[in-house]
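Notes follow the structure.
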Amino acid sequence: MQRSSRHLFPCIGNTERVLAVQSLRWGYELQGTTLVIEAFTVPGFHRGHLDRPGVLRLELIVSSPLTEGEWLGDCATLSSEQGTLNIAAVGRGLVLSADGISLQRILVTHPCPGAATARITQDGLLQLWWAEEYEHLHLVTKCPEGLWEECEGTWMWGVPEGSSRFAVTLGTQRDGGISYPSAMELLQMNLHPVFGRSRNWTERSSKLSWNGRDFSVLDNLWTEHRLALYEPSWKIPNCWEGVGRGYGSLYYGHWDMTQNILDRVWNELEFCQGEIENLSGLFVQKEGRFNCGVRFEDPRRPVTTVPPPLEPRAVLEVYFRDGNLDRLRRCFGMFESDFAWFRKERRHLGSGLYWWVHMFETGYDNIGRAGTTVTGNTDFREYGAVDLSSQLALYAENLSRIARILGDEEKALRYEAARSVIVKAIQENLWDSQKKFFGDLHVPSNCLETTYAVSGFWPLAAGAATESQAANLVKHLTDPELFWTPFPVSTVAVKEAGFDLDCWRGPVWVSQNLWLVLGLRRYGYLQEAAQLVIKTLEGMQKVWDRDRKIYEFYHPQEFFPDKLTRKGKDYGPVVYYTGHNPLHAIVFHGLWGIEPCVGGFVWRPPQALFSLSGSVRFHWGDELMELASDGKGTVTCNGTDLIAGQRLIAAPR
């Protein structure tokens, strides 16, 4: 077979084009109507690796000759006179999607030992997999009306003449089960515009540059947001974003959803409006609270733990852009019920502080404080937790803001009073006067246990620290021996005995930098917030330049994830992860100083911005806003000079 410029792996020849997806690598070659794809798994620290590499070979015969197309990240697009054929990495597997091309035959070969198994599901999917101990290789396709059969270790089937759409998904997953979108779901997603990266999509992405350098990681995060998009499913009424295509499991998480909205609202208001409506799908009417998320392997069994109560911030930012009072009012009803549930189920009546039962309830799965284990399952019910208590103070504050917008002054005052009680409890009971940091109160013994962990900064975001306490927090934050690592912010201080390169016990989670940026700006530390943004952006760009990947979490000292682990396992962070990387929000808030308000935004720039020469753009509803700094003290918005403290008004969309 004559080779194309896109070569296969060493088993066939050249390695000029090799793509890595977690532990899966793939390449292709083509001649005329025949396309050969080879994919193999390699040992590594990522989840889903096979100890013994195995090559899977797909031979596809299509109805018209294919020609070379283009590569976009991990996606390849081939074309013919009839249409296009797209190949892409999704999760730990590959996806093939065709539009206008008829598939005549697929041959699948894999040397994996053990019996092959096949079945046709009720929704018309053909599933094949080869079992090797606890590792499974799956092939899923829309079941054709024609024949499929086993022939000398090769599975072969045809697609009816004239079929114009098909999808094939293959990948690895521990312990069985299909851990990525099924072929049926992929067809519903209409992947072709995603692969084609349509013009209106790229035109709405944010472009950031300064001092002659382009920060392409921001644009590529925009791409990842789009590749993690799914059609309505189960009780989720609108299009929704998963946690990222590298996660390996089709998961819709409340914690991640909130941060995705805060990140995408700068350019995709319509999508975020739908995501706000999706909150109803996670709300449990009977108990009056939210579920943490849904794993779509079995949506009838959602993740029933409660999520960090941060969604009002996202709802308010969407409201500031479109002025939709009806949606705000509907959300307010759910939020009131959810807040009441926390007060009833998670409040220490004596201290006014809050405790949690499951690690998902504040988002810090296995953070090393108060005896939390590596797996993160420690019950925290005897503690007044600084993170959840602060989050409830922020919850009450946002409920008061919403009530006032809706014209209900009585409720606004009621939630302000509730917030005051929590803030007083935090300041008086959780402040360690020796360490000058916030800790957690062991209520039965009235003993304060303080760990230098990122959870102790939550009073900044909630406005629950005194000015003196905030000053000490900022001093610790910017200390290189504690949190101000080469790539900040270390989730546990590097000099803490419990510091580790495992998940939340030291590695950097960029989402926490967003809440820190918001907290720093709240207390007037605009310059420190800008410095944090710059270091975060440069750290992510450095990793992107080498790996072309956006990770779930990062190495705080060496940037790259090679030495990181995940809750004691032998693999590290998930790739192509969007749920904890709200980089747009970090940049626009912390570096460019944009603070949304009703109908527009207030400009409160850090001094660092004026020394940078560069530009950025975003969308306020349908209106394109272009900010530019000349590096000499002047910043403009759409060509008009900005003045610090200026309130820019945009019509609701």
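Worth saying up front: this structure is predicted, and the values here are computed from it rather than measured.
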Arg289 to Phe342, cation-pi by 6.0 Å centre distance and 45° axis angle: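 Not flagged: Arg289 not positioned over aromatic ring of Phe342.
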If the condition is side chain to side chain donor-acceptor pair (under 3.5 Å), which residues does [X] pass it with, not counting sequence neighbours?
| X | result |
| --- | --- |
| Arg213 | none |
| Glu409 | Arg404 |
| Tyr395 | Glu311, Asp338 |

What is the distance from atom [atom1] of [X] to atom [atom2] of [Y], rounded to the nearest 0.5 Å?
| X | Y | atom1 | atom2 | answer |
| --- | --- | --- | --- | --- |
| Leu208 | Leu591 | CG | CG | 7.0 Å |
| Met334 | Leu282 | CE | CG | 9.5 Å |
| Phe320 | Ile405 | CZ | CD1 | 5.0 Å |
| Lys411 | Leu413 | NZ | CG | 13.0 Å |
| Leu583 | Ile550 | CG | CD1 | 8.0 Å |
| Glu268 | Asp263 | CD | CG | 10.5 Å |

Could [X] and [Y] be called an ion pair, given the rule that one side-chain N must be under 4.0 Å from one carboxylate O?
| X | Y | value |
| --- | --- | --- |
| Glu336 | Arg329 | no |
| Asp545 | Lys542 | no |
| Arg327 | Asp322 | yes |
| Arg321 | Glu317 | yes |
| Arg264 | Glu275 | no |

Look only at the side chain of [X] and the backbone of [Y], and say whether a donor-acceptor pair between them is shorter than 3.5 Å.
| X | Y | result |
| --- | --- | --- |
| Gln541 | Val217 | yes |
| Trp603 | Cys637 | no |
| Thr491 | Trp504 | yes |
| Asp256 | Tyr577 | no |
| Ser611 | Ala608 | yes |
| Glu397 | Leu394 | no |
| Thr536 | Leu532 | yes |
| Asn211 | Ser613 | yes |
| Arg521 | Arg604 | yes |
| Asn324 | Asp326 | yes |

Checking His584 now: which residues fulfil ring pair (Phe, Tyr, Trp, His ring centres under 6.0 Å) with it, not counting sequence neighbours?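 Scan of His584 (ring pair (Phe, Tyr, Trp, His ring centres under 6.0 Å), adjacent residues dropped) gives none.
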Considering only heavy atoms from C-beta outward, does the side chain of [X] approach that of [Y] to under 4.5 Å?
| X | Y | value |
| --- | --- | --- |
| Leu279 | Met257 | yes |
| Leu460 | Arg522 | no |
| Phe618 | Glu626 | no |
| Val508 | Val489 | no |
| Glu361 | Tyr354 | no |
| Val492 | Val454 | no |
| Asn638 | Met625 | yes |
| Cys597 | Arg647 | yes |

Would you sort out whether Trp266 and Ile594 count as a side chain to side chain contact (heavy atoms under 4.5 Å, CB included), showing the intermediate values? CA-CA 11 Å; Trp266 296 96; Ile594 304 171; 3.8 Å; yes
Aromatic plane relationship, Phe487 with Phe559 - under 30° parallel, 30 to 60° tilted, over 60° perpendicular: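 If you compare the ring of Phe559 with that of Phe487, the planes turn out tilted.
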Please verify the inter-ring angle class for Tyr415 with Phe339; under 30° counts as parallel, over 60° as perpendicular, anything in between as tilted.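 Geometry flag for Phe339 against Tyr415: perpendicular rings.
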So, for Phe457 and Leu473, which heavy atoms are closest and what is the spacing to 0.1 Å?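 Scanning both residues completely, I find the closest heavy atoms to be CE2-O, 3.3 Å.
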Derivation of the side-chain hydrogen bond (donor to acceptor under 3.5 Å, both in side chains) call for Thr578 and Glu241: CA-CA 9 Å; Thr578 60; Glu241 182 175 348; 2.7 Å; yes
State, without any angle test, whether [X] and [Y] hold a side-chain donor-acceptor pair at a distance under 3.5 Å.
| X | Y | result |
| --- | --- | --- |
| Asn291 | His254 | no |
| Glu552 | His580 | no |
| Ser206 | Asn267 | yes |
| Ser455 | Asp387 | no |

Just grab all the ring-ring contact (aromatic ring centres under 6.0 Å, His included) pairs involving residues 512-546, residues at least two apart or on different chains.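 As it turns out, the ring-ring contact (aromatic ring centres under 6.0 Å, His included) pairs with a partner in residues 512-546, which skip direct neighbours, are Trp458-Trp515.
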Listed once per pair and sorted, the side-chain hydrogen bond (donor to acceptor under 3.5 Å, both in side chains) pairs that draw on residues 472-484, sequence neighbours left out: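 For residues 472-484: none.
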Set out, in order, the CA-CA distance, both residues' side-chain angles and the distance that settles ring pair (Phe, Tyr, Trp, His ring centres under 6.0 Å) for Trp210 and Phe215, then state yes or no. CA-CA 8 Å; Trp210 71 63; Phe215 285 83; 4.5 Å; yes
